[in-house]
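Please read all numbers here as calculations on a predicted model, not as lab measurements.
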Amino acid sequence: MSEYDIEPSHGMHVVHDGPRQAPPLLLIHGSGASGGFWSPVVPALVGHHHVIRVDLPGCGQSPPAPPYDVPAQAGRVAALLDDLGLRHVAVVGHSSGGYVATALAEQRPDLVGSLALISSGPSLDALLRQPFILRVLLAPPLGPLLWSRRSDALIRKGISATAARPVDLPDDVIADVRGITYRVMRTVLRRNTAYIAERSVPERLAALEVPVLVIFGAADPRWEPSSAHQYDAVPNARVELLPGVGHLPMLEAPKTTSELLLGFTATAADSPPMISEA
């Protein structure tokens, strides 16, 4: 894999990999993460796609830039794709990045050719009691005090608490997470909750005509794994549960995850676009 372009766009740090003439594939990270979390699957994806990774505002190497509402985040991503002159993009979102991807498809169906959601909780009733370390870091009274004092070891422990398998977390990924402020993190989490409280993700997707792949870890500690089948109600959806995998399939099972994504994008590309106007 050769990283050939890094650029700022609409307040976001954007990384391009693979040949630009290849079919575009956009990767959107989840809360408290960055585009670096996709690194294990990028080498497989660039053989078939122009891969675009964004750091959403306030995350990774992108500066804070409110508002953090899910539709506003999707609007920034849409503006990026417009600037790049792209249409019918394969869009992949991890965790709450799946909400941004869904909102993008809601706002601009002309931009989204297919949609893959990885570990994206479908509704609030599927949310589990979060791992203890995350509850401590993200809630008063200790959260505001501990957040800015997090050591690399504590950040690694917090991320690993969402996985069911050991994960390799490079120093640059830890640095990306360290840069996220407590205020941004709490705000993003509230806005994500508001988005799925208003309407569940399967309900939103059922109103769209776009092929959907849902990948869920069967041992996800953040969302009830069986809730993945709420997506069965979406007419164009396929659900894949990964045994022994937690909330981070691209880090815990990168080979399986990339194979599922490539198989899905190839199949979706063989189908004619369902919608051709905004």
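Classified by interplanar angle (parallel below 30°, tilted 30° to 60°, perpendicular above 60°), the ring pair W223/Y99 is perpendicular. Taking the six-membered ring for Trp and thresholds of 30 and 60 degrees, H247 and H94 have ring planes inclined between 30 and 60 degrees apart.
Contact record, P225 with L241: O-CD2, 3.8 Å, taken as the closest heavy-atom pair. What you find for A139 and P144 is that their closest heavy atoms are O-CD, 4.1 Å. For the residue pair A105 and L115, the shortest heavy atom distance occurs at CB-CD2, 4.4 Å. Residues A253 and V245 come closest through the heavy atom pair CB-CG2, 4.0 Å. Considering every non-hydrogen atom in both V210 and G113, the closest pair reads CG2-O, 3.8 Å. For the pair V91 and A101, the tightest heavy-atom approach, listed with the atom from each and the gap, is CG1-CB, 3.6 Å.
With a 4.5 Å cut-off on side-chain heavy atoms, D152 and R178 count as touching. Counting only heavy atoms from C-beta outward, the side chains of V201 and Y231 approach each other to under 4.5 Å. Two residues are said to be in side-chain contact when any heavy atoms from C-beta on lie closer than 4.5 Å; P40 and M250 fail this criterion. Looking at heavy atoms from C-beta onward, L27 lies in side-chain contact with L45 at the 4.5 angstrom threshold. Residues T102 and V70 form no side-chain contact, since every pair of their non-hydrogen atoms from C-beta on lies 4.5 Å or further apart. The shortest side-chain heavy-atom distance between S95 and S31 does not fall under the 4.5 Å cut-off. Between L251 and L169 the shortest side-chain heavy-atom distance falls below 4.5 Å. Looking at M185 and L137, their side chains never come closer than 4.5 Å, going by heavy atoms from C-beta outward.
In summary, the side chains of T265 and H48 do not present any donor paired with an acceptor at a separation below 3.5 Å, with no hydrogens or angles considered. One side chain, Q230 or S123, offers a donor N or O that lies under 3.5 Å from an acceptor on the other. Side chains of S96 and R191: no donor on one and acceptor on the other come within 3.5 Å.
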From CA spacing to verdict: side-chain contact (heavy atoms from CB on, under 4.5 Å), Q73, M12: CA-CA 10 Å; Q73 303 273 44; M12 297 182 296; 6.0 Å; no
When you look at D55 and V15, which way does the side-chain contact (heavy atoms from CB on, under 4.5 Å) test go after all the steps? CA-CA 9 Å; D55 285 355; V15 178; over 6 Å; no
Going through the distances and angles, do I52 and L86 end up as a side-chain contact (heavy atoms from CB on, under 4.5 Å)? CA-CA 11 Å; I52 306 157; L86 299 177; 3.6 Å; yes
Is there a side-chain contact (heavy atoms from CB on, under 4.5 Å) between L154 and R149 once you walk through the steps? CA-CA 9 Å; L154 186 59; R149 296 174 174 83; over 6 Å; no
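Here the side chain of H29 pairs a donor or acceptor atom with the backbone of L56 at under 3.5 angstrom. Not one N or O on the side chain of S34 forms a donor-acceptor pair closer than 3.5 Å with the backbone of C59. A donor-acceptor pair is defined here as one N or O able to donate and one able to accept, closer than 3.5 Å; no such pair exists between the side chain of R53 and the backbone of G36.
Of the inter-residue distances, the one linking L138 atom CG with W147 atom CH2 reads 5.0 Å to the nearest 0.5 angstrom. Note that CZ of R87 is 5.0 Å distant from CG of L111, once rounded to the nearest 0.5 Å. Distance check: S9 OG to H16 NE2 gives 7.5 Å after rounding to the nearest 0.5 Å. To the nearest 0.5 Å, atom NZ of residue K157 and atom CG of residue L134 are 11.0 Å apart. Remark: H49 NE2 to L261 CG distance equals 8.5 Å, nearest 0.5 Å. Atom CG in L213 sits 12.5 Å away from atom CG in N236 (nearest 0.5 Å).
When hydrophobic clusters are built by joining Ile, Leu, Val, Met, Phe, Trp and Tyr residues whose side-chain heavy atoms come closer than 4.5 Å, directly or via intermediates, L80 is not grouped with Y68. Follow the hydrophobic side-chain contacts under 4.5 Å out from V54 and you never reach V188; the two are in separate clusters. Note on I180: it does not cluster hydrophobically with V100, by side-chain heavy-atom contacts below 4.5 Å among ILVMFWY residues. Hydrophobic clustering, with ILVMFWY side chains joined whenever heavy atoms are under 4.5 angstrom apart, groups I196 together with V239. I159 and L189 fall into different hydrophobic clusters, where Ile, Leu, Val, Met, Phe, Trp and Tyr are joined by side-chain heavy atoms under 4.5 Å apart, directly or via other members.
Ion pairing between D168 and R156 fails under the 4.0 Å rule for side-chain N and carboxylate O. A salt bridge is absent between R222 and D220: the closest approach of a Lys/Arg side-chain nitrogen to an acidic carboxylate oxygen does not fall below 4.0 angstrom.
Residue pairs that meet the salt bridge (charged side-chain N to carboxylate O under 4.0 Å, His left out) test with at least one member in residues 226-255, sequence neighbours left out, are R238-E240, K255-E259.
Take R150 and apply the side-chain hydrogen bond (donor to acceptor under 3.5 Å, both in side chains) test, not counting sequence neighbours, and it matches no residue.
Few gaps surround CZ on R135; more than 12 heavy atoms of other groups in view lie less than 6.0 Å from it.
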